[in-house]
A.B. asks: 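My structure is below; once you've seen it, I'll send some questions.
As the structure lists them, so they are numbered: ligands from 1, and atoms in each ligand from 1.
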Amino acid sequence: MTTEALLQPASFSGDLIRPGDPGYDEARAVFNGMIDRRPRLIGRCRTAEDVAALVVLGREHGLPLSVYGGGHGVTGAAVAESGVCIDMRGMKGITVDAGSGIVRAEAGLTWGEFDTATQEHGLAVTGGRISSTGVAGLALGSGSGWLERKFGFTCDNLVKAEVVTADGRQVIASAEENDDLFWGLRGGGGNFGIVTAFHFQAHRVGPVVLGGMLVFPPQMGRDLVRFWRDFMLAAPDEVGSALAFITAPPLDFVPKHVQGTPVIGVVLCYSGPVEEGEKVLAPLRQFGPPPLDLVQPMPYTAVQQLLDAANPKGLQNYWTADFLSELPDDAIGLMVDRGTQPVSPFTQIILFPGGGAISRVPEDATAFGQRTAPFNLHYLSMWPDPADNEKNIAYTKEFAAALKPWATGRAYLNFLGEEGQERVISAFGPEKYRRLQQIKDRWDPENIFHNNQNIRPTKQQG
Ligand SMILES: Cc1cc2nc3c(=O)[nH]c(=O)nc-3n(C[C@H](O)[C@H](O)[C@H](O)COP(=O)(O)OP(=O)(O)OC[C@H]3O[C@@H](n4cnc5c(N)ncnc54)[C@H](O)[C@@H]3O)c2cc1C
């Protein structure tokens with residue numbers, strides 16, 4: 001029987017935090033306030049050797065392992081109940097080679113930290129749309145962001161990863177070394193090892209881009225969504241966008257009578273020159289026209305933080321997601337009706353366009369399971385009071401069920417709750433899932449990395 005006193009890695013340069021220690025509750029908290037897990041040890045790592053020491057410790061004591069990147073996974077898998085939490089937040093080193101555009105980023109960075117460092121050199125990689133999201137979890141699940149139609153998903157820009165394996169070794173994954181592992185890391189999540197550093201190819205972006213939000217009333221919903229759909233299907237790669245069913249926040253720039261009412265936002269980020277963006281985005285900005293046009297030249301880092309205030313840590317969260325194969329008027333009607341009658345003012349139903357660079361990467365180039373869907377729909381229900389769990393979860397499920405006729409059957413794992421093994425398999429499709437299982441068999445046959453959207457080794461199948 002393991003006791004707390006025995007739970008000590010052989011060597012460790014970071015901080016070890018145990019139940020009762022100052023900072024324990026803060027360290028175990030994740031974005032989703034529904035999650036309340038108490039690991040036996042949180043090891044805030046400083047080096048890859050620290051990570052390896054915790055992997056070995058967890059194995060020796062037969063304890064569940066979890067990996068904490070930015071803590072934004074909605075399932076709370078970053079923290080294992082009674083387990084060892086391998087906390088990457090002490091590893092925030094970043095180096096940018098301005099000449100080649102290669103960025104080495106340690107796995108504890110958030111996107112806000114990453115963007116600040118890369119934008120100093122006028123560079124960027126497709127990254128999370130909320131600045132506190134972890135680089136690691138997002139990139140491993142593929143990584144969707146405003147730049148994806150121009151530069152592909154985050155994982156499409158990964159050129160190399162430094163990885164600690166299930167047996168505590170440190171290896172490189174790239175096209176040249178351990179290419180099976182490299183393939184699996186690009187969309188297969190945290191199943192195959194713990195990435196301690198990512199090497200990305202960054203691109204010239206900004207520092208000023210044309211971005212912001214257009215805000216429309218619900219009455220314009222059907223016409224707006226149709227217009228946005230047709231606009232996005234023909235839009236150049238530089239246009240990053242989202243259509244968001246939200247509740248207008250109580251902020252100064254929102255007219256008083258609109259605050260607290262359901263609205264439809266069109267978020268925009270044009271990643272090319274601002275003057276070009278003014279021309280390309282003009283039709284969208286003239287449509288209606290929108291009562292509120294907040295689109296303007298702004299730093300790329302500001303676009304990356306536009307939605308931060310609307311996504312506070314600690315609310316109750318229930319999420320699901322689907323790719324849509326098309327968006328006919330019937331689907332739009334259902335979406336607008338439900339989206340403009342949210343149960344909680346914090347809830348966001350967000351439709352992202354596909355196309356562009358993400359759809360041009362060959363399907364079998366990475367583990368990610370769905371390249372060509374024209375739309376990616378996220379149901380992000382958030383509310384403050386646990387007493388409202390039932391009605392918010394029911395709203396989300398009913399909404400997603402209504403749109404199922406247009407769903408491709410694949411799923412975007414970064415935005416999925418715990419929806420069962422069949423959903424994980426269908427996210428990749430059976431063929432890709434089998435290939436991922438073979439990689440799992442090689443790199444983690446005992447499935448010690450199972451606190452994730454899990455790819456099971458073949459011996460644990462069924
Ligand atoms: C407010 C909010 C906004 C979001 N916006 C976006 C978005 O714009 N685009 C998008 O694609 N997704 C987005 N997401 C989803 C996000 O990508 C996933 O939740 C992702 O898992 C978060 O990564 P993390 O490191 O913050 O999370 P964590 O909860 O810390 O990690 C999630 C899982 O990733 C794995 N993992 C983390 N670090 C490592 C590592 N170093 N090595 C191996 N495995 C690791 C583990 O399995 C872990 O359980 C958002 C989530 C939230 C809450």
A.B. asks: Before giving the answer on side chain to side chain contact (heavy atoms under 4.5 Å, CB included), spell out for Asn317 and Phe31 the whole-Å C-alpha distance, their side-chain angles and the decisive distance to 0.1 Å.
C.D. replies: CA-CA 9 Å; Asn317 280 262; Phe31 180 83; 3.5 Å; yes

A.B. asks: Classify the angle between the aromatic ring planes of Phe323 and Tyr412 as parallel (below 30°), tilted (30 to 60°) or perpendicular (above 60°).
C.D. replies: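 Plane angle over 60°, so perpendicular.
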
A.B. asks: Would you say ligand 1 has an N or O under 3.5 Å from any N or O of Asn311?
C.D. replies: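 Checking ligand 1 against Asn311, no N or O pair falls under 3.5 Å apart.
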
A.B. asks: So which of Asn451, Asn452, Asn454, Leu185 gets nearest to atom 49 (O) of ligand 1, if we judge by its closest heavy atom?
C.D. replies: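 Selected option, by shortest heavy-atom distance: Asn451.
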
A.B. asks: Taking heavy atoms and a distance under 4.0 Å, where does Ala107 meet ligand 1: side chain, backbone, both or neither?
C.D. replies: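 The part of Ala107 near ligand 1 is the side chain, not the backbone.
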
A.B. asks: Provide the number and element of each atom of ligand 1 under 4.0 Å from a heavy atom of Ile194.
C.D. replies: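 By the 4.0 Å cutoff, the relevant atoms are 42 (N), 43 (C).
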
A.B. asks: Measure from atom 8 (O) of ligand 1 to every heavy atom in Met88, Arg129, Gln453 and give the option owning the shortest one.
C.D. replies: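 It is Arg129 whose heavy atom sits nearest to atom 8 (O) of ligand 1.
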
A.B. asks: Is any side-chain N of the basic residue among Arg18 and Asp21 closer than 4.0 Å to the acidic one's carboxylate O?
C.D. replies: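 Salt bridge: no.
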
A.B. asks: For atom 23 (O) of ligand 1, what is the closest protein heavy atom, and at what distance to 0.1 Å?
C.D. replies: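 The closest one turns out to be Gly137 CA, 3.2 Å.
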
A.B. asks: Tell me, which protein residue and heavy-atom name are nearest atom 45 (C) of ligand 1, and how many Å apart are they?
C.D. replies: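 It is Leu140 CD1, 3.6 Å.
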
A.B. asks: Within less than 4.0 angstrom of ligand 1, does Ser132 place any heavy atom?
C.D. replies: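 Under 4.0 Å: no for Ser132.
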
A.B. asks: Tell me whether ligand 1 is touched by Gly128 - counting only heavy atoms on the residue side and a distance under 4.0 Å.
C.D. replies: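 Yes; Gly128 lies near enough to ligand 1 that a heavy-atom distance drops under 4.0 Å.
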
A.B. asks: Would you mind running through ligand 1 and noting each atom that sits below 4.0 Å from a heavy atom of Ala77?
C.D. replies: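 Near Ala77, the atoms of ligand 1 are 49 (O).
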
A.B. asks: Give me the nearest non-hydrogen protein atom to atom 26 (O) of ligand 1 as residue plus atom name, then the distance to 0.1 Å.
C.D. replies: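 Its nearest protein heavy-atom neighbour is Gly134 N, 2.9 Å.
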
A.B. asks: Tell me whether Arg338 forms a cation-pi arrangement with Tyr379, defined as NZ or CZ under 6.0 Å from the six-membered ring centre and within 45 degrees of its axis.
C.D. replies: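 Here Arg338 fails the 6.0 Å and 45° test against Tyr379.
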
A.B. asks: As a check for students: among Thr75, Ile130, Leu138, identify the option with a heavy atom nearest to atom 10 (C) of ligand 1.
C.D. replies: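 Closest candidate by heavy-atom distance is Leu138.
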
A.B. asks: Keeping Asn157 on the side-chain end and Phe200 on the backbone end, is there a donor-acceptor pair under 3.5 Å?
C.D. replies: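 Not a single qualifying donor-acceptor pair exists.
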
A.B. asks: So, is Val135 polar-close to ligand 1, with some N/O to N/O distance under 3.5 Å?
C.D. replies: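 No; every N/O pair is 3.5 Å or more apart.
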
A.B. asks: Quick one: nearest non-hydrogen protein atom to atom 4 (C) of ligand 1, plus distance?
C.D. replies: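 Here the closest protein heavy atom is Thr133 OG1, 3.7 Å.
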
A.B. asks: Could you tell me whether Asp156 and Lys150 make a salt bridge, using a distance below 4.0 angstrom between a side-chain N and a carboxylate O?
C.D. replies: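 Salt bridge between Asp156 and Lys150, a charged N being under 4.0 Å from a carboxylate O: no.
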
A.B. asks: With a cut-off of 4.0 Å, which atoms of ligand 1 are near a heavy atom of Tyr412?
C.D. replies: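 Result: 11 (O).
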
A.B. asks: Would you check if there is a donor-acceptor pair between the side chains of Asn311 and Gln348 at a distance under 3.5 Å?
C.D. replies: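 Asn311 and Gln348 do have a side-chain donor-acceptor pair below 3.5 Å.
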
A.B. asks: Give the residue and atom name of whichever protein heavy atom lies nearest to atom 51 (C) of ligand 1, and the separation in Å to one decimal.
C.D. replies: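 Sorting protein heavy atoms by distance from atom 51 (C) of ligand 1 puts Trp319 CH2, 3.5 Å first.
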
A.B. asks: Any idea which atoms of ligand 1 are less than 4.0 Å away from a heavy-atom of Tyr68?
C.D. replies: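 Under 4.0 Å from Tyr68, ligand 1 has these atoms: 30 (O).
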
A.B. asks: Counting non-hydrogen protein atoms only, what is the nearest one to atom 14 (N) of ligand 1? Give residue, atom name and distance.
C.D. replies: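 Looking only at protein heavy atoms, the one closest to atom 14 (N) of ligand 1 is Phe415 CZ, 3.5 Å.
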
A.B. asks: Any idea which protein heavy atom is nearest atom 24 (P) of ligand 1, and the distance to it?
C.D. replies: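 Minimum-distance protein heavy atom for atom 24 (P) of ligand 1 reads Gly70 N, 3.4 Å.
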
A.B. asks: Measure the distance from atom 15 (C) of ligand 1 to every protein heavy atom, then report the residue, atom name and distance (to 0.1 Å) of the closest one.
C.D. replies: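 I find the closest protein heavy atom is Asn414 O, 3.4 Å.
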
A.B. asks: Between the side chains of Gln453 and Glu419, is a donor N or O closer than 3.5 angstrom to an acceptor N or O?
C.D. replies: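 Judged by distance alone, the side chains do not pair up.
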
A.B. asks: Only heavy atoms count here, so choose which of Ala310, Gly71, Ser144 is nearest to atom 28 (P) of ligand 1.
C.D. replies: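 Heavy atom nearest to atom 28 (P) of ligand 1 belongs to Gly71.
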
A.B. asks: Counting heavy atoms only, which of Thr154, Val195, Val67 comes nearest to atom 31 (O) of ligand 1?
C.D. replies: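 The nearest heavy atom belongs to Val67.
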
A.B. asks: Going by the atom numbers of ligand 1, which of them fall below 4.0 Å from some non-hydrogen atom of Gly143?
C.D. replies: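 Contacts of ligand 1 toward Gly143, numbered from 1: 11 (O).
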
A.B. asks: Count the heavy atoms belonging to other residues, nucleotides or ligands that lie under 6.0 Å from NZ of Lys397, then report whether that count exceeds 12.
C.D. replies: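 Incorrect, the count does not exceed 12.
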
A.B. asks: Do Thr110 and Arg89 have a side chain donor and acceptor closer than 3.5 Å?
C.D. replies: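 The answer is no; no qualifying pair exists.
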
A.B. asks: Before accepting this row, confirm whether a basic side-chain N of the pair Lys160/Glu177 lies closer than 4.0 Å to the acidic partner's carboxylate O.
C.D. replies: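 Looking at Glu177 together with Lys160, the answer is no, because their closest N to O distance does not fall below 4.0 Å.
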
A.B. asks: Please find out if less than 6.0 Å separates the ring center of Trp228 from that of Phe231.
C.D. replies: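 Distance test on ring centres: not under 6.0 Å, no.
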
A.B. asks: Any ion pair linking Asp36 and Arg28 (charged N to carboxylate O, less than 4.0 Å)?
C.D. replies: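 A salt bridge is present here (some side-chain N lies under 4.0 Å from a carboxylate O).
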
A.B. asks: Salt-bridge test for Glu106 and Arg104: reply yes if a basic N is under 4.0 Å from a carboxylate O, no otherwise.
C.D. replies: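 Here Glu106 pairs with Arg104 in a salt bridge, since their nearest N and O are under 4.0 Å apart.
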
